[in-house]
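Order of the sequence lines sets the chain letters (A, B, ...), proteins ahead of strands, with each chain counted from 1.
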2 protein chains.
Amino acid sequence: MENEIQRFFNEEEQQILEEILLHRRDVRGNHFKKDPVVEEDVDRILQAALAAPSVGFSQPWEFVIIYDEKTKEAIRGSFQEENEKAIAQFSDEKRQKYIRLKLEGITESPLNIAVFYKPKKEPVLGQTSMPNMGKYSVVCAIQNMWLMARSLNIGMGWVSILDPEKVKGILNAPKENQLIGYLCFGYTDKFYNKPELEIKKWDYKKLQHEVVIQEKYK
Amino acid sequence: MENEIQRFFNEEEQQILEEILLHRRDVRGNHFKKDPVVEEDVDRILQAALAAPSVGFSQPWEFVIIYDEKTKEAIRGSFQEENEKAIAQFSDEKRQKYIRLKLEGITESPLNIAVFYKPKKEPVLGQTSMPNMGKYSVVCAIQNMWLMARSLNIGMGWVSILDPEKVKGILNAPKENQLIGYLCFGYTDKFYNKPELEIKKWDYKKLQHEVVIQEKYK
């Protein structure tokens with residue numbers, strides 16, 4: 001028999017989770033402190049990742065822990081190239097706002113973690129009809145990391161303005177691996193009380209009734 | 001000036017988050033109770049989703065709340081079709097285990113929520129180099145829902161053995177929407193103390209050193 005103690009969470013614990021969810025922010029280079037992230041905290045963040053759900057219990061994730069400044073500089077090179085291309089895609093009004101935003105903290109943060117999806121050769125339970133499920137499992141792991149980091153009062157930023165193939169090259173990643181997220185971690189001088197892009201009026205916060213549909217679409 | 005109260009989480013709060021992460025399970029039809037999920041809990045789960053990070057603050061999500069038994073039966077039809085196809089893909093040994101597993105709880109759970117990604121026509125900040133980022137934002141919302149549900153002592157199961165186009169048809173979803181997750185919610189008679197597929201030896205739990213790489217791949 002399995003030893004099955006049923007953990008029942010109470011209202012106070014539910015509210016603590018809600019506070020962590022609501023206070024989680026994407027932190028960029030203008031708010032990272034240089035202090036190294038203590039090893040125990042790095043372990044707790046990785047353990048949070050390993051507790052994530054995964055399709056068919058496939059755990060299709062790999063995490064590259066990066067402290068090396070040269071590696072970070074090389075990754076930042078890819079950001080700069082991709083960001084130049086990105087700027088050109090926005091309308092004039094948006095472009096003026098875009099170029100004033102600090103969008104990454106690769107070299108300012110003491111710790112970077114590249115998170116990869118490693119596909120399996122054999123079929124994966126639950127992934128046979130929806131092939132993206134393995135990648136989605138890796139995203140669940142990243143969200144767990146983000147929440148754990150926030151609870152540890154550590155900021156995380158997810159950098160997506162990167163060429164995934166260049167990042168793979170810089171990290172010698174196996175051909176089959178796919179980059180899902182490039183994450184920057186560090187203690188911060190502040191967490192904004194709202195998403196930075198909301199404060200800076202890039203877009204407005206959607207309300208529940210705008211995105212919830214009852215039973216089916218009309 | 002923004003009112004910026006810095007919320008600092010303490011060790012006890014960090015441990016509560018860790019417990020929620022570790023006690024979250026994928027719940028299937030053999031463990032759902034029929035009792036309806038109270039509206040206040042549904043709202044808290046949806047508010048957790050809306051607090052998720054999204055690329056460029058795009059919030060590209062839509063949630064269809066399904067109670068109707070006929071809709072659930074139709075969705076379950078797609079599961080059955082896709083599951084038949086899936087069974088054929090596994091090796092003999094795995095197939096024998098596979099067919100004994102209960103893999104969904106669509107009709108047994110009182111509440112289903114279909115979660116869609118709604119692409120935007122204009123370019124999205126942060127999605128210009130990694131086009132999947134919008135879908136990944138929706139997955140972050142789903143993981144928030146999963147954790148919030150668990151803290152409310154509500155089970156959630158993510159059903160991925162479905163034909164996304166059939167689900168869209170059943171729900172009259174707009175052509176451009178993409179199904180990311182089909183979720184089942186309900187109170188449970190028990191939460192397993194480990195992933196069901198670990199208990200049933202479908203696969204083993206990976207250890208940190210197996211999936212963590214220092215600095216770069218060799």
Considering only heavy atoms and a distance below 4.5 Å, find which of E104(B), K218(B), K205(B) pairs most often with chain A. K205(B)
Under 4.5 Å from a heavy atom of chain A, the part of Q15(B) involved: both
Distance (rounded to the nearest 0.5 Å) between I20(B) CD1 and I16(A) CD1: 8.0 Å
Chain A interface, residue from L103(B), L125(B), N177(B) that has the most non-hydrogen pairs under 4.5 Å: L125(B)
With chain B, the option among E210(A), R24(A), E12(A) that has the most non-hydrogen atom pairs under 4.5 Å is R24(A)
Chain A interface, residue from P195(B), A49(B), G181(B), S91(B) that has the most non-hydrogen pairs under 4.5 Å: P195(B)
Distance-minimising heavy-atom pair for R7(A) and R150(B): O-NH2, 2.8 Å
With rounding to the nearest 0.5 angstrom, report the CH2 to OG distance, W202(A) to S58(B). 11.5 Å
Is the side chain of E82(A) donor-acceptor paired with the backbone N or O of S129(B) at a distance under 3.5 Å, no angle test? no
Euclidean distance, L207(B) CG relative to Q47(A) CD, rounded to 0.5 Å: 8.5 Å
Locate the shortest heavy-atom distance separating D43(B) from Q208(A); write the atom from each residue and the value. OD1-NE2, 3.0 Å
Heavy-atom proximity to chain A below 4.5 Å, by part of P164(B): side chain
Turns out that what part of V42(B) lies under 4.5 Å from chain A's heavy atoms comes down to neither
Check: Q143(A) side chain, V139(B) main-chain N or O, donor-acceptor pair, under 3.5 Å: no
Check each atom of M148(B) against the heavy atoms of chain A and say whether the ones under 4.5 Å are side chain, backbone, both or neither. both
Ignoring hydrogens and geometry, is there a side-chain-to-backbone donor-acceptor pair from Q6(A) to K190(B) under 3.5 Å? no
Nearest non-hydrogen partners of A173(A) and Y217(B), listed with the distance: CA-CD1, 3.4 Å
What do the steps show when you test I213(B) against F63(A) for side-chain contact (heavy atoms from CB on, under 4.5 Å), and what is the final call? CA-CA 6 Å; I213(B) 290 97; F63(A) 307 88; over 6 Å; no
Distance (rounded to the nearest 0.5 Å) between N153(A) CG and E13(B) CD: 9.0 Å
Does the side-chain hydrogen bond (donor to acceptor under 3.5 Å, both in side chains) test come out yes or no for Q214(B) and Y67(A), once each step is laid out? CA-CA 9 Å; Q214(B) 298 298 329; Y67(A) 295 103; 6.0 Å; no
Heavy-atom cut-off 4.5 Å, strictly under: side chain, backbone, both or neither for V124(A) against chain B? backbone
Under 4.5 Å heavy-atom distance to chain A, tell me which part of E122(B) shows up: side chain, backbone, both or neither. neither
With a 4.5 angstrom heavy-atom cut-off, is it the side chain or the backbone of I142(A) that approaches chain B, or both, or neither? neither
How far does CG of L50(B) sit from NZ of K206(A), to the nearest 0.5 angstrom? 9.0 Å
If every non-hydrogen atom of I180(B) is compared with every non-hydrogen atom of M130(A), which pair is closest and at what distance? O-CE, 3.7 Å
Give a yes or no on whether Q80(B) atom CD has more than 12 heavy-atom contacts from other residues, nucleotides or ligands under 6.0 Å away. yes
For each of L197(B), D163(B), N112(B), tally heavy-atom pairs with chain A at distances under 4.5 Å, and name the one with the top tally. L197(B)
Counting heavy-atom pairs under 4.5 Å with chain B, the top scorer among I170(A), L152(A), L22(A), T71(A) is L152(A)
What closest approach, in Å, do Q59(B) and Y204(A) show between heavy atoms, and which atom pair accounts for it? NE2-O, 3.0 Å
Tell me if a side-chain donor or acceptor on Q14(B) pairs with a main-chain N or O of S151(A) at a distance below 3.5 Å. yes
Backbone N/O of E215(B) and side chain of D68(A): donor-acceptor pair under 3.5 Å: no
Residues R44(B) and E11(A) bridged, charged N to O under 4.0 Å: yes
When heavy-atom pairs shorter than 4.5 Å are enumerated against chain B, which of T128(A), I65(A), D26(A) gives the highest number? I65(A)
Sort out for me which of W146(A), W158(A), F57(A) touches chain B most, counting heavy-atom pairs under 4.5 Å. F57(A)
Separation between OH (Y136(B)) and OG (S160(A)), nearest 0.5 Å, reads 11.0 Å
Under 4.5 Å, counting heavy-atom pairs only, tell me which of K135(B), E196(B), K85(B) racks up the most with chain A. K135(B)
Where F90(A) and P123(B) come nearest, the two heavy atoms and their spacing: CE2-O, 3.6 Å
Would you mind checking which part of V138(B) comes under 4.5 Å of any heavy atom in chain A, side chain (CB onward), backbone (N, CA, C, O), both or neither? neither
Specify which of S54(B), A48(B), G56(B) makes the most heavy-atom pairs with chain A at under 4.5 Å. G56(B)
